[in-house]
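Okay, structure first, notes after.
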Amino acid sequence: MEAEPCSDERREDIAASLSRISAIVEQKKRHRSGTRRARLVAVSKYKPASDIQAAYESGQRHFGENYVQELCDKAHALPKDIQWHFIGRLQSNKCKMLAAIPNLWAVETVESASKAQKLDEAWRAAGYSHPLNVYVQVNTSKEENKGGIEIHEAEGVVRSIVDSCRNLRVLGLMTIGSVEGSGQRPNPDFLALAELRDDLNTKLGLDLELSMGMSDDFEHALDLGSNNVRVGSKIFGSRPPKN
């Protein structure tokens, strides 16, 4: 099954928005010190496969989805060289479904050693020759409604994955941060994640990325060293309510 094409007007709107956001990412990447790795993930939850196809035809390859079944359906319908990011709450009983997607590029919401173990087992059972990229999600804002581990737990979880999950590659740390923090400059959640990354890199000898920044604050996140920004509404427009 292939994605139905969207209208010419819709395709042009997506292409223009994507071009604008991509140019900002590239400009920020060129003008900052340190690592210049910066990746744009187009967040496409609730959007039809035709929208993703339009962005794909404009050169976008990294896409993020929040719901496992929606991701599975879209991965089946869309080009196989798309690099999918799962960015929703990770459930242990959905690891096998995620592992059935051969072009799953990263899971950004690992929040415990036990869930990492389940994902590791599922990826191994699927028989892939390459490890799956994962980010450890950190609840930098300490909000009860946010997923992620506390800052003081991060070293233990990262160390456990590195030591015990041979089919996973810890690519970095991820945070969503608070609404209040997103309006502050500098953003305290971004500063906290960057400080934690530096600490873990020193202690564990790693080269961890930062996944932080969304549509409203991705430019600031890039200024503070983000390597992976998740942008949805600035590319695809506002999302309809979930049924």
Side-chain angles (χ1 to χ4, degrees), residues 1-3 37 39-53 55-57 59-138 147-149 153-174 200-201 204-211 227-228 230:
M1 180 179 69
E2 295 184 356
R37 290 197 308 267
R39 180 183 310 109
L40 171 62
V41 179
V43 177
S44 46
K45 71 176 182 180
Y46 306 153
K47 293 301 181 181
S50 57
D51 279 6
I52 302 172
Q53 181 69 39
Y56 174 89
E57 290 171 0
Q60 180 65 22
R61 290 297 179 269
H62 289 268
F63 292 89
E65 289 287 337
N66 288 64
Y67 300 101
V68 174
Q69 188 59 61
E70 186 176 357
L71 172 53
C72 289
D73 292 344
K74 289 175 177 177
H76 179 70
L78 288 158
K80 303 311 176 190
D81 61 333
I82 284 178
Q83 295 169 297
W84 293 106
H85 295 233
F86 180 70
I87 59 175
R89 183 68 67 92
L90 179 63
Q91 297 174 283
S92 296
N93 63 350
K94 297 294 180 68
C95 289
K96 286 185 179 180
M97 289 179 66
L98 286 171
I101 302 169
N103 52 330
L104 180 66
W105 194 83
V107 173
E108 298 204 23
T109 49
V110 173
E111 57 181 1
S112 70
S114 60
K115 288 182 180 180
Q117 191 66 48
K118 290 287 188 182
L119 192 59
D120 180 75
E121 292 168 359
W123 199 253
R124 176 180 54 80
Y128 302 116
S129 60
H130 62 282
L132 173 64
N133 295 315
V134 298
Y135 292 82
V136 172
Q137 183 177 359
V138 182
I149 58 174
E153 299 173 310
E155 181 179 347
V157 173
V158 171
R159 190 184 295 273
S160 175
I161 298 172
V162 170
D163 291 344
S164 303
C165 298
R166 302 302 183 189
N167 302 284
L168 305 182
R169 174 194 177 206
V170 183
L171 192 59
L173 306 175
M174 185 274 259
L200 294 182
N201 280 349
L204 304 179
L206 301 174
D207 182 21
L208 298 174
E209 290 190 358
L210 297 174
S211 177
N227 308 106
N228 192 80
R230 310 177 302 273

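To the nearest 0.5 angstrom, L98 atom CG is 6.5 Å from L90 atom CG. Here CG of L71 is found 10.0 Å from CG of L78. Values are rounded to the nearest 0.5 Å. Note: S44 OG to D51 CG = 9.0 Å, rounded to the nearest 0.5 Å. Note that NZ of K47 is 11.5 Å distant from CD of E65, once rounded to the nearest 0.5 Å. The OG atom of S160 sits 12.0 Å away from atom CD of E155, with the distance rounded to the nearest 0.5 Å.
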Would you check, one step at a time, whether the test side-chain contact (heavy atoms from CB on, under 4.5 Å) holds for I82 with I52?
-> CA-CA 10 Å; I82 284 178; I52 302 172; 4.1 Å; yes
Could you walk me through whether F63 and Y56 pass ring pair (Phe, Tyr, Trp, His ring centres under 6.0 Å), step by step?
-> CA-CA 9 Å; F63 292 89; Y56 174 89; 7.5 Å; no
Could you go through the side-chain contact (heavy atoms from CB on, under 4.5 Å) check for V158 and L206 one step at a time?
-> CA-CA 10 Å; V158 171; L206 301 174; 3.7 Å; yes
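The salt bridge (Lys or Arg N to Asp or Glu O under 4.0 Å) check on D163 picks up nothing, with sequence neighbours excluded. Qualifying side-chain hydrogen bond (donor to acceptor under 3.5 Å, both in side chains) partners for Q83, counting only residues two or more places apart in sequence or in other chains: H62. With sequence neighbours left out, the salt bridge (Lys or Arg N to Asp or Glu O under 4.0 Å) criterion links E57 to R11. Residues satisfying the side-chain hydrogen bond (donor to acceptor under 3.5 Å, both in side chains) criterion with S50, sequence neighbours excluded, are absent altogether. When the side-chain contact (heavy atoms from CB on, under 4.5 Å) test is applied to P131, the partners found at least two apart in sequence or on another chain are R169. D120 is linked by a salt bridge (Lys or Arg N to Asp or Glu O under 4.0 Å) to nothing, counting only residues two or more places apart in sequence or in another chain. Residues that satisfy the side-chain hydrogen bond (donor to acceptor under 3.5 Å, both in side chains) test with E70, not counting sequence neighbours, are K74. Remark: S164 engages no residue in a side-chain hydrogen bond (donor to acceptor under 3.5 Å, both in side chains) (not counting sequence neighbours). Taking the salt bridge (Lys or Arg N to Asp or Glu O under 4.0 Å) definition, one finds that E209 meets it with R37, R39, sequence neighbours left out.
When atom types are taken as modelled, the side chain of N167 and the backbone of W123 share no donor-acceptor pair closer than 3.5 angstrom. Side-chain atoms of N201 come within 3.5 Å of backbone N or O of L208 as a donor-acceptor pair. Remark: the backbone N or O of L40 is paired with a side-chain donor or acceptor of Q60 at under 3.5 angstrom.
Looking at L119 and L132, their side chains come closer than 4.5 Å, going by heavy atoms from C-beta outward. Residues V107 and I87 form no side-chain contact, since every pair of their non-hydrogen atoms from C-beta on lies 4.5 Å or further apart. Looking only at side-chain heavy atoms (C-beta outward), V68 and F86 come within less than 4.5 Å of each other. Between I161 and V136, the closest side-chain pair of non-hydrogen atoms falls below 4.5 Å. Contact annotation: the side chain of V110 never approaches that of Q137 to less than 4.5 Å [non-hydrogen atoms, C-beta and beyond]. Between V162 and L168 the shortest side-chain heavy-atom distance does not fall below 4.5 Å.
Sorted by first then second residue, the salt bridge (charged side-chain N to carboxylate O under 4.0 Å, His left out) pairs that include residues 121-130, not counting sequence neighbours, number zero. Residue pairs meeting the side chain to side chain donor-acceptor pair (under 3.5 Å) criterion with at least one partner in residues 93-111, sequence neighbours excluded, are H85-E108, E108-S211, E108-N228, E111-K115.
The nearest pair of heavy atoms linking P102 to A100 is CD-O, 3.2 Å. Between S112 and I149, the shortest heavy-atom distance links the atoms N-CG2, 4.5 Å. Across all non-hydrogen atoms, the minimal contact from A99 to Y128 is O-OH, 2.6 Å.
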